[in-house]
Chemist: 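Mind looking over this structure? Questions follow.
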Amino acid sequence: MTAGTDPVAIVTLLPELLGTYGDGGNGAVLEQRLLWRGFEVEHHFVSPRHEIPVQRAVYLLGGGEDAAQEAAAKVLLQTSALRHALDAGAVIVGVCAGLQLLGHSFPGREGPHPGLGLLNLVTEPGPVRAVGEIVTEASPAAVASLPLLASDPRFTGFENHAGRTHRGPGVAPLARVLGDGGVGNGDGTDGAIGGEDVDGRVFGTYLHGPVLARNPALADAILTRLLGHELPPLDLPEVTSLRSQRLAATRPARTTTAGNVVGRRS
Amino acid sequence: MAPLPRLAETLGRIAQRLLTAVRPGGGSTLPGRLVLALDPLALQRLTRDRRVVLVSGTNGKTTTTHLLAAALATQGPVASNAQGANLLPGLVSALLRAPRTATTAVLETDERVLPAALRTCSPAAVVLLNLSRDQLDRHHEVAAISHRWRDAIAALPPDAVVVADPGDPNVAWAAAAAPRVAWVATGNPWRLDSALCPRCGSLLDLPERRCPTSPTVAGFPAVAVSPTVAVSPAVAVAGVSASSGEPWACSSCGLAEPAPDLRVHGQRLHAADGDVTLALRLPGSFNVGNAAMAATAALALGVPLPQTAAVLADVEAPEGRFREFDLPHGRARLVLAKNPAGWAAALDLVAAPTVVLAVDATAADGRDLSWLWDVPFEVLAGRRLVVTGPRAADLAVRLRYADLPHLLCPDLAAALDQVVGQADVLATYAPFQQLRSQLRDAA
């Protein structure tokens, strides 16, 4: 596929439920990065009562409040669209609640709630809420699946969640947490990336920002993975500036004892 | 009064006088902190013999408190935390500051603090303006706030009145537990935080909209992000239902939008026994909504609507909001906007050819700026944009991806120096306060 032929598809899933933390911006970033390179884009925003299109697209699940996450799970569990989309070559990205939803279960209001099971992980309630700036570094598995990350493997973002995610065998982390301040999954890693069973095309993270606005290499890595070929580089001075500012701003934390913030990060 | 509380109060008043002497506007919080440290029941004591109204919600608290205090001042002196110190120490400071003849108090109250304040103050009335995503880093989930509000409201004394907007499901859910409710339909268009039934968690029936753009502009007049974006017919995004006026309802449990007692239409407030015009010195339909809520609360406390309307016609916006200032090469109107719903309303007001956007992410602003992507900056296309503030870089990226050319000038003073002619200056909380002092000093 080259620019100017078939439109490239992006599917933002359930934005009314999974868009509370600004993650709708991830879709906007991908869309624009394609448009600037001359691609046509079809950006679908799928509401809860509508069918999820099945195609080779980037599927995005963002963060949301607790009840909204459960409602989203109920909607998504009624369809096998995401599995079929994976078969069709899709890339699926979950942020925060989205990451948790991709796993087998996450904390619901009345105990563990089933997730989509596209990633072999479970999420349980953590002892304290994790809130603050975080810097991580892509794992070898992430770089293997998304080679564009190799030249700039750090991720910067803002986390805000109460869950702790436990990865099963065969599921690598997306990244390891750098410095003392970040929590991520709770074990020194953040997020997860699926293995051979999903061809490395399903992954998630706890990073908001939005994560693709803060990490352009990750945005392009996703697009490259979807399209199957390299893309011409984009030079966006604002994006480069923001990235260096945010990386510089995240200092090692001192642990607070009061309140419900782990560590202290600006 | 027992000796320690009396001592606490005396020390608090002394602290207040000292702080006010040092800096006008000082003493809005510290005296309250001091008193509460010595006397944890201070708020209860200071409100026991007063008629109290609490005002809360995500946006509009300071303005509505200011308007309501003006309306009630026709009956006698009113205590108020007009400067916006809205946590418990701020409420206590306001009460300490007030003369003993101020037997009525109108207190702006932070959404997270409202349940505690409701239990302590035995208010005569409570105004619940709206609830939307704001300062999510403070664990400010809308649904959780709504439920905590409801629990506290259910415990109000039988003669208390809650004034609330029925069009906001999360607010309506909380208000419905009150002994008495006055429903005021303001037509607030923000719906992005109202997808679920607050009672049973199912999806609400909301009028569906075709929205051919990203969710960041959901619910606003459709702005094309790019002419090459095509959207499948299956797509719809729950958004604004302002002009449709269609009530929300849950087909799972039957919860539905309560019928309004009063309704805002344009600048008119329609009530059962007559309408009044709310002609204000404050711009924006959202301020007509704020005025309507204030007028209804005043009515519940014995001030007829026409009297309130007459008073409000002369009230200026509080605390620097919409103030106009001279700049080195132009003139600015200062607008406070703190969260997506507030920014959406502020962008709607923009009229000047130049717009200065000032952004920071202090604790007071909310530390995560991801919410910038829920703001429809695209509507500013065609205007000259200057991006400033300590976190200007985050907004610059947002605008870049929106294909909006802009001048990046993080230093506030330098940014204002760039303005030639008329400008609207939209700022989050911390830069707003800085701009106020800078512009005041220059004036």
Side-chain angles (χ1 to χ4, degrees), chain A residues 7 12 14-17 19-29 31-33 35-36 39-53 63 65-68 70-71 75 109 129 131-133 157-158 160 162 208-210 213-214 236-239 241-242 245-246 260-261 266, chain B residues 133 136-139 141-144 191-198 201-203 206 208 211-216 218 225-226 228-239 340 361-362 367-375 387 391 393-403 406 408:
Chain A
T12 293
L14 313 177
E16 306 88 331
L17 300 175
T20 311
Y21 290 84
D23 300 307
N26 289 324
V29 166
E31 184 183 300
Q32 200 57 260
R33 293 181 82 88
L35 291 174
W36 281 326
F39 288 92
E40 256 191 59
V41 179
E42 249 179 37
H43 193 160
H44 304 254
F45 301 92
V46 184
S47 281
R49 294 194 172 92
H50 287 86
E51 237 182 78
I52 299 172
E65 299 192 1
D66 296 346
E70 265 192 58
V75 168
R109 282 167 301 168
R129 200 168 178 88
V131 184
E133 290 279 329
F158 192 100
N160 185 354
H208 301 289
R214 293 259 198 120
L236 304 171
E238 295 91 347
V239 174
S241 273
L242 174 63
Q245 265 189 38
R246 291 291 93 217
N260 56 0
V261 175
S266 62
Chain B
R133 60 194 63 176
L136 291 170
D137 61 300
R138 284 174 66 201
H139 194 182
E141 292 198 344
V142 171
R191 281 289 171 272
L192 281 187
D193 294 294
S194 310
L196 296 180
C197 174
S202 306
L203 293 164
L206 283 170
E208 290 187 347
C211 181
T213 64
S214 85
T216 58
V225 173
S226 153
T228 63
V229 172
V231 166
S232 136
V235 169
V237 178
T362 66
R367 294 182 294 143
D368 178 13
L369 287 171
S370 302
W371 62 262
L372 289 175
W373 295 75
D374 289 336
V375 177
V387 179
R391 292 295 292 269
D394 296 74
L395 180 50
V397 169
R398 168 74 180 98
L399 296 183
R400 164 62 78 162
Y401 277 105
D403 258 342
H406 55 274
L408 177 57

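Small disclaimer: the values here were computed from a predicted structure and weren't measured. Throughout, a chain's letter reflects where its sequence line sits, starting with A, and its residues are numbered from 1.
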Chemist: Which residues pass the side chain to side chain donor-acceptor pair (under 3.5 Å) test with A:Asn26, not counting sequence neighbours?
Modeler: none
Chemist: Go through the steps to decide whether B:Asp374 and A:Thr20 satisfy the test side-chain contact (heavy atoms from CB on, under 4.5 Å), and finish with yes or no.
Modeler: CA-CA 9 Å; B:Asp374 289 336; A:Thr20 311; over 6 Å; no
Chemist: For B:Val142, does its backbone N or O pair with a side-chain atom of A:Glu65 as donor and acceptor, under 3.5 Å?
Modeler: yes
Chemist: When you measure from the side chain of B:Ser370 to the backbone of A:Gly22, do you find a donor-acceptor pair of N or O atoms at a distance under 3.5 Å?
Modeler: no
Chemist: Just how far is it from atom CZ of B:Arg398 to atom CG of A:Leu242, taken to the nearest 0.5 Å?
Modeler: 13.5 Å
Chemist: Taking every heavy-atom pair that is under 4.5 Å apart, which of A:Ser241, A:Gly27, A:Ala67, A:Pro210 has the most such pairs with chain B?
Modeler: A:Pro210
Chemist: Walk me through it: do B:Val397 and A:Leu236 pass the test side-chain contact (heavy atoms from CB on, under 4.5 Å)?
Modeler: CA-CA 9 Å; B:Val397 169; A:Leu236 304 171; over 6 Å; no
Chemist: Between A:Val131 and B:Asp368, is a side-chain contact (heavy atoms from CB on, under 4.5 Å) present by the stated rule, with each step listed?
Modeler: CA-CA 9 Å; A:Val131 184; B:Asp368 178 13; over 6 Å; no
Chemist: Is B:Arg400 in contact with chain A via its backbone, its side chain, both, or neither, using a 4.5 Å heavy-atom distance?
Modeler: both
Chemist: Nearest 0.5 Å, please: how far is CG in A:Leu17 from CG in B:Leu203?
Modeler: 6.0 Å
Chemist: So which part of B:Leu136 gets closer than 4.5 Å to some heavy atom of chain A, the side chain, the backbone, both or neither?
Modeler: both
Chemist: Could you tell me whether a side-chain N or O of A:Glu16 sits under 3.5 Å from a main-chain N or O of B:Leu192, the two making a donor and an acceptor?
Modeler: no
Chemist: Between chain B and each of A:Gly157, A:Pro237, A:Gly209, A:Ala213, count heavy-atom pairs under 4.5 Å; write down the option with the most.
Modeler: A:Gly209
Chemist: In Å, rounded to the nearest 0.5 Å, how long is the span from CD of A:Glu70 to CG of B:Leu196?
Modeler: 10.0 Å
Chemist: Nearest 0.5 Å, please: how far is CZ in A:Arg129 from CZ in B:Arg138?
Modeler: 13.0 Å
Chemist: Between the side chain of A:Gln32 and the main-chain N/O of B:Tyr401, is any donor-acceptor distance below 3.5 Å?
Modeler: yes
Chemist: Roughly how far, to the nearest 0.5 Å, is CZ of B:Arg367 from CD of A:Glu133?
Modeler: 9.0 Å
Chemist: Among A:Asn160, A:Val239, A:Val29, which residue has the highest count of heavy-atom pairs closer than 4.5 Å to chain B?
Modeler: A:Val29
Chemist: Can you check whether B:Asp137 reaches A:Phe158 side chain to side chain, under 4.5 Å on heavy atoms?
Modeler: yes
Chemist: Return the option, out of A:Ala162, A:Gly19, A:Ala68, with the maximum number of heavy-atom pairs under 4.5 Å with chain B.
Modeler: A:Gly19
